[in-house]
S.K.: 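One structure, pasted below without further comment.
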There are 2 protein chains.
Amino acid sequence: MTEPSARPTRAQQRHRTEERILAAARQIFAELGYDRTTIRAVASAAGVDAGLVMHYFGSKDLLFARAVEVPADELPGGTSGEVAEALLTSLGRRLTSEPAASLAVLRSMLTNADAADRYRAAAEPQLNQITEAIPTPDADLRASLLSAIVHGVIAERYLLRLTHLADASPEQIIDLLRPCFQSLTTPPSK
Amino acid sequence: MTEPSARPTRAQQRHRTEERILAAARQIFAELGYDRTTIRAVASAAGVDAGLVMHYFGSKDLLFARAVEVPADELPGGTSGEVAEALLTSLGRRLTSEPAASLAVLRSMLTNADAADRYRAAAEPQLNQITEAIPTPDADLRASLLSAIVHGVIAERYLLRLTHLADASPEQIIDLLRPCFQSLTTPPSK
DNA sequence: TCGTTCAATCAACAAGCGTTGAATGAGAGG
DNA sequence: CCTCTCATTCAACGCTTGTTGATTGAACGA
């Protein structure tokens, strides 16, 4: 008979503390980027000692890796038009909720090689999916442009906080971008 | 009679050294971003002592400010179609030559508040120019999206080096983006 | 020519960083 | 109850960083 809110077992305690550290790490990495985030700051935000963070995660790099690992959301393939619409709804999801983990990657991407690799790794299957759906020889370039647009919009909305982009509703942004995505996924009509 | 290649005067010598430091700073800031760039690395790349960099520029922040100050290139106003085309040629210019100064800003933007302000300050007049040319109530959002696209493409080409984007010719990229820019600068036709 | 200026170097500081190893003290297991 | 485990803390290390002040020596002005 395990009482519901009894004293936690050791394994539970460890797991809770790890999660608390990871949550703090995600938030601070997202706010400050990799370089400016210190292990001491993460530890103090999680209410533990810096040594404990090292003891649990091994190094700052490994902590970053654990903090930002996230299941890449699936992007179903299909015709070019379907992929365009799927990309738009995926963008809409990322414009509605604000996942600290992917913001941490996005902010650290330009200065941390590991974050850049992680970004590429997360982007690659999506890029391939898009590429296959576009029936033109320059499909890979078109897919890369789509990716650049998505991440440019997210970066300027959440990280740079350009006012007009930060205030707009996701639907408004998506509606404005729909013709762009359609023209990039569709071969020249003539 | 000032011989052409005589021993340089003191003022000349100082100016040359300052320029050498600034060039090194631009390159290293562009490669590594603000945080990872050290004054010692800049000094050594310029072939001088780190103390001299401080003596000339006062602080790392001021050095960064001097290194990335750049005359904002003019963007002539006009009809919405003209602005779209002007934006495209401006993008083409930035995809052809590779100005280290603006890459330094771009790379440091997400982690250095000064770089972010600088980016905003450089983008604002262009944004206004674009906004005025678009005859819709959501003109400012459209302008912000155009800016996000431009910088997203540049970032993924030069900083992240996504292969398909890095290899493509500027003309190819511009041709693919033209419909996007036209749809964003033009009110819904129906 | 003499004193001043100033470009340039050198050595050092204080602070902050990631990281380590020993110490503590409370749970787990027999 | 005794022992082992392990979550957690603490103090310290070696290093790098931005920044400073003294110092040198050559160009400059009178």
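Nothing here was measured: the structure is a model prediction, and the numbers come from that model. So that the names make sense, note that chain A is the first sequence line, chain B the second, and so on, each numbered from 1.
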S.K.: Can you check the B:D49 CG to C:dA12 C1' distance for me, whole Å?
M.R.: 12 Å
S.K.: Look at the side chain of B:K60 and decide which nucleotide, out of D:dG18, D:dA7, C:dG18, has an atom nearest to it.
M.R.: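 Closest nucleotide among those given: D:dG18.
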S.K.: With rounding to the nearest 0.5 Å, note down the distance linking CG in A:L145 to NE2 in B:H164.
M.R.: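 So the CG of A:L145 and the NE2 of B:H164 are separated by 11.5 Å.
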S.K.: Starting from C1' on D:dA26, measure out to CG on B:L52 and report it in whole angstrom.
M.R.: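 For the pair B:L52 CG and D:dA26 C1', the rounded distance is 15 Å.
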S.K.: Specify the separation, in whole Å, of atom NE2 of B:H55 and atom P of C:dC6.
M.R.: 9 Å
S.K.: Can you confirm if the NZ or CZ of B:R14 lies within 45° of the ring axis of B:Y56 and under 6.0 Å from the centre of its six-membered ring?
M.R.: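 B:R14 over B:Y56 ring: yes.
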S.K.: From B:E18 CD over to B:F57 CZ, what is the distance, rounded to the nearest 0.5 angstrom?
M.R.: 4.5 Å
S.K.: Check the distance between D:dT17's C1' and B:D61's CG and give it to me in whole angstrom.
M.R.: 14 Å
S.K.: Just by distance, do the side chain of B:T185 and the backbone of B:Q182 share a donor-acceptor pair under 3.5 Å?
M.R.: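 Yes; judged by distance alone, with no hydrogens or angles, the pair exists.
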S.K.: Quick one: pull up CZ in B:R157 and CZ in B:R94 and give me the separation to the nearest 0.5 Å.
M.R.: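 Going from CZ on B:R157 over to CZ on B:R94, the span is 12.5 Å.
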S.K.: Using whole Å, what does the distance between atom P of nucleotide D:dA27 and atom CZ of B:R16 come to?
M.R.: 13 Å
S.K.: B:T9 side chain N/O closer than 4.0 Å to the phosphate oxygens (OP1, OP2) of D:dA27?
M.R.: no
S.K.: Of B:V53 and B:R10, whose nearest nucleotide on DNA chain C comes first from the 5' end?
M.R.: B:R10
S.K.: Between B:Y56 and C:dC6, is there a side-chain N or O to OP1/OP2 distance below 4.0 Å?
M.R.: no
S.K.: Roughly, in whole Å, what's the span from NE2 in A:H15 to C1' in D:dT8?
M.R.: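 Rounding to the nearest Å, NE2 of A:H15 and C1' of D:dT8 are 18 Å apart.
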S.K.: Using only side-chain N and O atoms of A:Q13, determine if any of them is under 4.0 Å from OP1 or OP2 of C:dA26.
M.R.: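 For C:dA26, neither OP1 nor OP2 has a side-chain N or O of A:Q13 closer than 4.0 Å.
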S.K.: What is the distance, rounded to the nearest whole Å, between atom CZ of A:F64 and atom P of C:dT19?
M.R.: 14 Å
S.K.: Counting only non-hydrogen atoms, which of residues 33-47 of chain B are less than 4.0 Å from DNA chain D?
M.R.: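 Contacting residues: B:T37, B:T38, B:I39, B:R40.
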S.K.: Among the candidates D:dC10, C:dA7, D:dT8, find the nucleotide nearest to the side-chain atoms of A:T17.
M.R.: D:dT8
S.K.: Please state how far atom CZ in B:R14 lies from atom P in C:dT5, giving the value in whole angstrom units.
M.R.: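 About 16 Å, once rounded to whole Å.
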S.K.: Assess the residue pair A:T136 and A:D138 against the criterion (side chain to side chain donor-acceptor pair (under 3.5 Å)); give the C-alpha distance rounded to whole Å, side-chain angles, the decisive distance to 0.1 Å, and a yes or no.
M.R.: CA-CA 5 Å; A:T136 65; A:D138 56 357; 2.6 Å; yes
S.K.: Supply the atom-to-atom distance B:R26 CZ to B:L103 CG, rounded to the nearest 0.5 angstrom.
M.R.: 12.5 Å
